[in-house]
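All ligand and atom numbering here is 1-based and tracks the order in the structure.
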Amino acid sequence: MGFKLAILISGNGSNMLNILEACKKKILSSKVKLVVSNNYNSKGITLAQKKKIRTAIIDNENFEEKLQKILSDEKINFVCLAGFMKILSKNFLKNWKYKIINIHPSILPSFPGLNAVDQALQKGVKYTGCTIHFVDDGIDTGKIIDQRIIRIAEKDTLYNLKKKILKEEHNLYIKVLSKLEKKEGNDKI
Ligand code: GRF
């Protein structure tokens, strides 16, 4: 069964666009009803508007209250975070258990938080990748759903490693959503 999706972004929105396309092409049975950003300069918001998707930019003041209202108004039943740079509180999340997922550009629990790809390069790890996890009120700490591994080549720069990871993220997000669409209880994944 498909979801009525909201996608929350803060930046470029390439994952958001990828999910949108997969829904349009019926690769997923979900529908993207809403794209929300906390950032007025988010490129992704302009991209979503061009695709005629309902968008909202919510400023910091009472952010969660406003977010909850718009999610309820649009009857959203599942939320994807994709480059969304804000922590959601325990109070907000209590209504959304196993209904919000996030993508992070590392093999969690390694390198949570900001600049994960840079952190991996600095550390000299030989493998990195991306993780999709349920969202809790910690920083990238929720239950892990799935991961993709990438070998770091010696010649990899921050720029091209980010690009490689993003490509895997796009594949992984669709795979995970497709799996969740078929589940009765998301926590059983
Ligand atoms: C991705 O690398 C994601 O893992 C991280 O932020 C980036 C967002 O990219 N949380 P985009 O906005 O989807 O292009």
Excluding sequence neighbours, so at least two apart, what forms side-chain hydrogen bond (donor to acceptor under 3.5 Å, both in side chains) with T46? none
Ligand 1 contact on E169 by region, counting heavy-atom pairs under 4.0 Å: side chain
Which residue holds the protein heavy atom closest to [atom], what is that atom called, and what is the gap in Å?
atom	value
atom 14 (O) of ligand 1	S14 OG, 2.6 Å
atom 10 (N) of ligand 1	I103 O, 3.1 Å
atom 5 (C) of ligand 1	P105 CD, 3.9 Å
atom 6 (O) of ligand 1	G83 CA, 3.4 Å

Taking the non-hydrogen atoms of G13, is any one of them nearer than 4.0 angstrom to ligand 1? yes
Hey, what's the ring geometry for F134 with Y98, parallel, tilted or perpendicular (30° and 60° as the breaks)? perpendicular
Under 4.0 Å from a heavy atom of N12: give me the atoms of ligand 1 that qualify, with their elements. 12 (O), 14 (O)
Counting from 1 in the order shown, the ligand 1 atoms closer than 4.0 Å to a non-hydrogen atom of H104 are 4 (O)
State which residues pass salt bridge (Lys or Arg N to Asp or Glu O under 4.0 Å) with K162; sequence neighbours excluded, sorted by chain then number. none
May I ask you to decide whether K179 forms a salt bridge with D146, counting only side-chain N to carboxylate O separations under 4.0 Å? no
Answer yes or no: are there more than 12 heavy-atom neighbours, outside I57 itself, under 6.0 Å from its atom CD1? yes
Neighbour count >12 (heavy atoms, 6.0 Å) for atom NZ, K167: no
Step by step, would you call S106 with Q119 a side chain to side chain donor-acceptor pair (under 3.5 Å)? CA-CA 9 Å; S106 78; Q119 288 186 57; over 6 Å; no
Could you name the option among I7, N18, N15, I9 that has the heavy atom nearest to atom 13 (O) of ligand 1? N15
